[in-house]
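Read through the structure below, which is laid out as structure tokens, and then see the notes.
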Amino acid sequence: MEIKKIACIGAGYVGGPTMSVIAQKNPHIQVTVVDLNSSRIDAWNSENLDELPVYEPGLDQVVAEARGRNLFFSTDVEKAISEAEMIFISVNTPTKTYGKGKGQAADLKFIELCARQIADVATSSKIIVEKSTIPVRTAAAIKSILDHTGKGVQFHVLSNPEFLAEGTAIVDLHNPDRILIGGEDQNAINALKTIYEAWVPTERIITTNLWSSELSKLVANAFLAQRVSSINSISELCEVTGANVDEVAHAIGQDSRIGSKFLKASVGFGGSCFQKDLLNLVYIARSYNLTEVANYWEQVILINDHQKTRFAEKIIRSMYNTVNGKKIAFLGWAFKKNTNDTRESAAIYVADHLLDEQAQISVYDPKVQENQIYKDLDYLATRSADENKELLKVINDPYEVAKDAHGLAILTEWDEFKDLDWKRIKESMKKPAFIFDGRKLLDKQKLESLGFVYYAIGE
């Protein structure tokens, strides 16, 4: 079937950029992104492209080209569903915070609500594409809901997981390693394949059965997360033996079987996918009584949690075993550079640990909004919102953040931090001036020559 209209439910970090590029590359297809969050849709429609709700380098140009031509953002979910021949589901699938599978299983309530709404509204045949990160066999649940509407409308469900890295999403979308399409119906698979073939070479488009596609997404992220946790576990060994983790990573990364990617030691991985997908894999393994498999993958998360705690403890220990009443400056709150996403960011957990010790924290991040920082801390429910506001201040200037600080921690590897006037920062801080580089971003020799006490992970 020829696709003339696409709808995407969910205007977040996946739906917004993905649909913008699909619209950019397929000017003959009308693409409508819908979301119930009207302030988010208003931001996508803003005249000022700096106000887009998702920050990704290059996204503003893509939106500028396609928006109003064949790319639309709307809160009218029903209209979009009813008109589209193909519907992408790109809603949030957070880890469950209640009931069976709490803390591990994915919460599928938003996916199910989408399926039920599609079933209610649809009067013609549709291709449904799962774009959200979901556990294996979700497609079966979606199909079951859709097929029991009793309207005799035909639905084909495809799995088309995203493999975007935040911060480079537009580059990844324009030039993907692979596009994965899982499904049972060949015509539906071909319809989606044709859309991607507008710019992706055919040999990079892989088709599989539904379950293989769903599982491949979880496993890809699990393997990447495992590499980060592996090098982070070695960083601790390097610190106690006098080795240098960068040198070790470089040496093993030269082995073509291992390769150099994802071997950068740091304060820990964050983001919406790694932890969630690992927990999902652990939950699936446990549900099939594969205890050893579950324990193996769970250890990747435990090492990651340990790395964040260890970093916070290092700050406390270095500052004479107390941070009570001391000002500690944080440079960065996003989980990585070139994104305003803070989900599972290491900064949240390091801050929470230090706030437990009554530290006074000041935060500067070039793209994360103040209300988001407080929301992240309040979500942990470690202390009241008022206490968080009292102990942590968000300041929109890196020099002001560092002023009178006893210590400064780098939690996000924003490039602009390298170019700060570190001499000026040193002069404004309390002495001795400590730097804790959680991203191994700065030049150790330069900072030590300025008189900083400098600590980086794995050295």
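Only heavy atoms go into these numbers, but all of them, side chains included; no hydrogens, no water, no symmetry mates.
- V368 places none of its side-chain heavy atoms less than 4.5 Å from the side chain of V363.
- Distance check: D277 CG to L218 CG gives 5.0 Å after rounding to the nearest 0.5 Å.
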Report the C-alpha separation of I395 and Y364 in whole Å, then their side-chain angles, then the decisive distance to 0.1 Å, and conclude whether the side chain to side chain contact (heavy atoms under 4.5 Å, CB included) test is met. CA-CA 6 Å; I395 298 172; Y364 166 72; 5.7 Å; no
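- At least one donor-acceptor pair under 3.5 Å links the side chain of S345 to the backbone N or O of W333.
- Note on R286 versus E298: salt bridge recorded, some NZ/NE/NH1/NH2 to OD/OE distance being below 4.0 Å.
- No more than 12 heavy-atom neighbours from other residues, nucleotides or ligands sit within 6.0 angstrom of CG on L36.
- Side-chain contact between E236 and H306 is present, with at least one heavy-atom pair separated by less than 4.5 Å.
- No donor-acceptor contact under 3.5 angstrom links the side chains of H156 and E184, judged on distance only.
- Counting heavy atoms from C-beta outward, K4 and H28 have side chains that stay 4.5 Å or more apart.
- With 3.5 Å as the limit, one finds no donor-acceptor pair spanning the side chains of R178 and S216.
- D172 places a side-chain N or O within donor-acceptor distance of the main-chain N or O of A165, the cut-off being under 3.5 Å.
- Side-chain contact between R204 and N175 is present, with heavy atoms from C-beta onward closer than 4.5 Å.
- For K367 and Y55, the positive end sits near the middle of the six-membered ring, less than 6.0 Å away and at most 45° from its axis.
- A side-chain N or O of Y455 and one of E239 form a donor-acceptor pair less than 3.5 Å apart.
- Between I29 atom CD1 and N70 atom CG the span is 8.5 Å, to the nearest 0.5 Å.
- The 12-atom threshold is not exceeded at CD of E78, counting heavy atoms of other residues, nucleotides or ligands nearer than 6.0 Å.
- Of all non-hydrogen atoms in V245 and I457, the two that sit nearest each other are CG1-O, 3.7 Å.
- Here K276 does not pair with E344 in a salt bridge; the nearest charged N to carboxylate O distance is not below 4.0 Å.
- Counting only distance, with no hydrogens or angles, the side chain of K440 and the backbone of S266 share no donor-acceptor pair below 3.5 Å.
- Between the side chain of K308 and the main chain of H353, no donor-acceptor pair closer than 3.5 Å is present.
- V54 has its side chain within reach of P17: a pair of non-hydrogen atoms, C-beta onward, lies under 4.5 Å apart.
- Summarising the geometry of A11 relative to D35, their closest heavy-atom pair is N-OD2, 2.9 Å, with the distance given to 0.1 Å.
- The side-chain heavy atoms of F417 and P366, taken from C-beta on, include a pair separated by under 4.5 Å.
- With hydrogens and angles disregarded, no donor-acceptor distance shorter than 3.5 Å links the side chain of Y196 to the backbone of L180.
- Side-chain atoms of Q299 and N295 include no donor-acceptor pair closer than 3.5 Å.
- Within the 3.5 Å criterion, the main-chain N or O of A169 finds a donor-acceptor partner in the side chain of E56.
- Atom OG1 of T412 sits about 5.5 Å away from atom CG of D365, to the nearest 0.5 Å.
- Here the closest heavy-atom approach between residue R69 and residue A23 is recorded as NH2-O, 3.2 Å.
- For the pair K418 (side chain) and L441 (backbone), a donor-acceptor distance under 3.5 Å is absent.
- Judged by distance alone, the side chain of K193 and the main-chain N or O of E197 form no donor-acceptor pair under 3.5 Å.
- In this structure, E166 and F335 have side chains that are in contact, with non-hydrogen atoms separated by less than 4.5 Å.
- Ring planes of F274 and F269: perpendicular class, angle over 60° (limits at 30 and 60°).
- Checking side-chain atoms of E387 against main-chain N and O of S384 turns up a donor-acceptor pair under 3.5 Å.
- Within 6.0 Å of NE2 on H174 lie more than 12 heavy atoms contributed by other residues, nucleotides or ligands.
- Not one N or O on the side chain of R40 forms a donor-acceptor pair closer than 3.5 Å with the backbone of P53.
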Any chance you could lay out the side chain to side chain contact (heavy atoms under 4.5 Å, CB included) test for K264 and E413, step after step, and finish with the verdict? CA-CA 12 Å; K264 184 90 176 122; E413 69 283 17; over 6 Å; no
Determine, step by step, whether E85 and I6 satisfy the side chain to side chain contact (heavy atoms under 4.5 Å, CB included) criterion, reporting the C-alpha distance in whole Å, the side-chain angles of both residues, the deciding distance to 0.1 Å, and the verdict. CA-CA 6 Å; E85 298 98 9; I6 289 174; over 6 Å; no
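- The side chain to side chain contact (heavy atoms under 4.5 Å, CB included) test with L173 singles out one residue from L59, V62, V200, V21, and that residue is V21.
- Taking a cutoff of 4.0 Å between a charged side-chain nitrogen and a carboxylate oxygen, D352 and R383 qualify as a salt bridge.
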Trace of the side chain to side chain donor-acceptor pair (under 3.5 Å) decision for Q307 with S235: CA-CA 9 Å; Q307 190 78 342; S235 74; 3.1 Å; yes
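- With contacts defined as side-chain heavy-atom distances shorter than 4.5 Å, the pair S213/N160 does not qualify.
- Between W44 and F72, the gap from one ring centroid to the other reaches at least 6.0 Å.
- The two residues V63 and S20 come nearest to each other via the heavy atoms CG2-OG, 3.7 Å.
- Summarising the local packing, CG of N190 is surrounded by more than 12 heavy atoms from other residues, nucleotides or ligands at distances under 6.0 Å.
- Judged by the 6.0 Å and 45° rule, R67 forms no cation-pi pair with F73.
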Mind running side chain to side chain contact (heavy atoms under 4.5 Å, CB included) on F262 and Q226 for me, showing each step along the way? CA-CA 9 Å; F262 283 80; Q226 178 215 43; over 6 Å; no
If you apply the rule side chain to side chain donor-acceptor pair (under 3.5 Å), what do you find for Y98 with D107, and how did you get there? CA-CA 9 Å; Y98 58 89; D107 192 339; 3.0 Å; yes
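- A side-chain N or O of N340 and one of Y13 form a donor-acceptor pair less than 3.5 Å apart.
- Between the CD1 atom in I9 and the CD1 atom in I89 there is a gap of 5.5 Å [rounded to 0.5 Å].
- Scanning all heavy atoms of the two residues, the minimum distance from I303 to S229 falls at CG2-O, 3.4 Å.
- In this structure, T208 OG1 and E214 CD are separated by 9.0 Å, a value rounded to the nearest 0.5 Å.
- Open room surrounds CD on Q369; 12 or fewer heavy atoms of other groups in view lie less than 6.0 Å from it.
- Summarising the geometry, atom OG belonging to S287 is positioned 10.0 Å from atom CD belonging to Q104; distances are rounded to the nearest 0.5 Å.
- Residues A265 and N232 share a closest heavy-atom pair of CA-OD1, 3.3 Å.
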